[in-house]
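Below is one structure; the comments refer to it alone.
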Protein chains: 2
Amino acid sequence: MTEKTEKTPARRAKPRGTYHHGDLRRAVLDAATALIRERGSEAFTLREAARLVGVDHAAVYRHFEDKRALLAVVAEEGFVAIAGRIRDEMAGLPETSVLERLKALASAYVGFALDNPAHFRVMLGPRLNEDGRFPSLESAIEGAVTLLLDEVRRGRRLGLLRDARTRDMAMTVWTAAHGYASLALLGRIKHGDSVRAAAYLEVVVAPVLAGLQR
Amino acid sequence: MTEKTEKTPARRAKPRGTYHHGDLRRAVLDAATALIRERGSEAFTLREAARLVGVDHAAVYRHFEDKRALLAVVAEEGFVAIAGRIRDEMAGLPETSVLERLKALASAYVGFALDNPAHFRVMLGPRLNEDGRFPSLESAIEGAVTLLLDEVRRGRRLGLLRDARTRDMAMTVWTAAHGYASLALLGRIKHGDSVRAAAYLEVVVAPVLAGLQR
DNA sequence: ACCTGAACACCGTTCAAGT
DNA sequence: ACCTGAACACCGTTCAAGT
């Protein structure tokens, strides 16, 4: 779809019989991410990603054990991106404004989901990691969760939050952000475009933060 | 699964060349639900469901437009089941104990998800209804949501809840229950078995209900 | 070391043909 | 009216063979 600037059929995307030079692994990942974004997470196909890169579909198996392994990396990169976005959105806020910062965290989480719905679905749809394969996916998730735990911990230390366990309160926040994101992707947040859906998050999440306050 | 009372292999399930007598539509739905439960939602296959019933796979198309249509009915029946479970779990509680009833509602929602993880995934994974097909799926969802809205409405009337919009507070509760269920299915609720995961819901959801109180 | 080509055992969907 | 059988255009995965 992308490289057909001429009437060239997909089989000429690979330049005259030579190998794919450079980082095929990276190229496949980018193609996969792009396809998932355009066609949706369930329609994604290994063969189409290979076609897009201009390589035989079997070549993908040199770099990924199977389709699930590829998707696990896509998911992992999503969690890294979410963590980055959370850091960005919290960056301007003073460390003492814990409630504001938690709101920003939730907003970053939901914002990523609304901007990258299919990618988010890959991250949280299939039980990619049910058998403990993909430890680096686990680490990426932990990376994002750590931001949340740190925030709640400081909130407790500053006496801004209830006297409950840090992990429990963190789960309450994650639950709210994740639930909102999921329901939004399912079209259950009846607030038109994603801009308004992002704004409505504040309304829905306000009682949750209120309930967490001391 | 249903009619294999003996050790009969799948291909002999259809009695000697005759048509499937009775409700093939219902039989396919039951087979689909069973397969989804056993093999997981993404591994589910039209052809395998047909095989299980003992019918040619093309016969399924007499009763369902396509695979998505079949899954939409499975999803719909899931929402009907959830609504029933919610009614059951709230049945013993007095109408004035709105907070208790909301807790029971959330617990029923999460309980269904934990007991039927693959079924729940079908209900909320793929964007089955993105294009407004399947209006009866929409109705089934609305049926469950109505139970929630009624509860919040009564809570407001009794002066037990904040003075906020009914729909907004209902979304807060749904968001919490749905987020908890989703995270639990993803293995992010670190509380061993599903029995303990159900109990931990109370801990996570307590601040939310507290935040909704007047 | 990395990729190709062909093969295998599956899919979902369609359609003429049977009863 | 309802189902079968064969066909079509796809999949994911494997493996000998090429460079």
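Keep in mind that the numbers below use all heavy atoms, side chains included, and drop hydrogens, waters and symmetry copies. Throughout, protein chains are lettered first and strands after them, A, B, ... in sequence-line order, and every chain is numbered starting at 1.
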Mind calculating the distance between [atom1] ([X]) and [atom2] ([N]) to the nearest angstrom?
{"X": "B/Phe44", "N": "C/dC10", "atom1": "CZ", "atom2": "C1'", "value": "15 Å"}
{"X": "A/Lys67", "N": "D/dC10", "atom1": "NZ", "atom2": "P", "value": "16 Å"}
{"X": "B/Tyr61", "N": "C/dG12", "atom1": "OH", "atom2": "P", "value": "7 Å"}
{"X": "B/Glu65", "N": "C/dT13", "atom1": "CD", "atom2": "P", "value": "10 Å"}
{"X": "B/Leu70", "N": "C/dC11", "atom1": "CG", "atom2": "P", "value": "15 Å"}
{"X": "B/Arg51", "N": "C/dA9", "atom1": "CZ", "atom2": "P", "value": "14 Å"}
{"X": "B/Asp66", "N": "C/dT14", "atom1": "CG", "atom2": "P", "value": "8 Å"}
{"X": "A/Leu24", "N": "C/dT4", "atom1": "CG", "atom2": "C1'", "value": "13 Å"}

Partner of D/dA1 by Watson-Crick or G-U wobble geometry, both contacts under 3.5 Å, or none?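 C/dT19 - that is the nucleotide pairing with D/dA1, both distances being under 3.5 Å.
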
Identify the nucleotide, in any strand shown, that forms a Watson-Crick or G-U wobble pair with C/dT14, with both distances under 3.5 Å; if there is none, say none.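 Paired with D/dA6.
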
Check salt bridge (Lys or Arg N to Asp or Glu O under 4.0 Å) between A/Arg26 and all other residues, then give those that pass, not counting sequence neighbours.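 In terms of salt bridge (Lys or Arg N to Asp or Glu O under 4.0 Å), with neighbours along the sequence ignored, A/Arg26 is linked to A/Asp30, A/Glu77.
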
Consider the side chain of [X], meaning its heavy atoms from C-beta on, and name the nucleotide among [options] that approaches it most closely.
{"X": "A/Ala59", "options": "D/dC3, C/dC15, C/dT4", "result": "C/dT4"}
{"X": "A/Asp56", "options": "D/dC11, C/dC11, C/dT4", "result": "C/dT4"}
{"X": "B/Val55", "options": "C/dC3, C/dT13, D/dT4", "result": "D/dT4"}
{"X": "A/Leu46", "options": "D/dG12, C/dC3, C/dG5", "result": "D/dG12"}
{"X": "B/His57", "options": "D/dT13, D/dC11, D/dA6", "result": "D/dA6"}

Enter the distance from B/Thr146:OG1 to B/Arg153:CZ here, rounded to the nearest 0.5 Å.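 If I round to the nearest 0.5 Å, the distance is 8.0 Å.
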
Quick check on [N]: is either OP1 or OP2 less than 4.0 Å from any side-chain nitrogen or oxygen of [X]?
{"X": "A/His63", "N": "C/dC3", "value": "yes"}
{"X": "B/Thr45", "N": "C/dC10", "value": "no"}
{"X": "B/Arg47", "N": "C/dA9", "value": "no"}
{"X": "A/Arg62", "N": "D/dT13", "value": "no"}

Can you label the angle between the A/Tyr180 ring and the A/Tyr200 ring as parallel, tilted or perpendicular, going by 30° and 60°?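 Correct class here is tilted.
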
Under the side-chain contact (heavy atoms from CB on, under 4.5 Å) test against A/Leu71, which residue among A/Phe44, A/Phe134, A/Phe64 passes?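 Of A/Phe44, A/Phe134, A/Phe64, side-chain contact (heavy atoms from CB on, under 4.5 Å) with A/Leu71 is met by A/Phe44 alone.
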
Under 3.5 Å: donor-acceptor pair, side chain of B/His178, backbone of B/Tyr109: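 No, the answer is negative, given that no donor and acceptor are paired below the 3.5 Å cut-off.
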
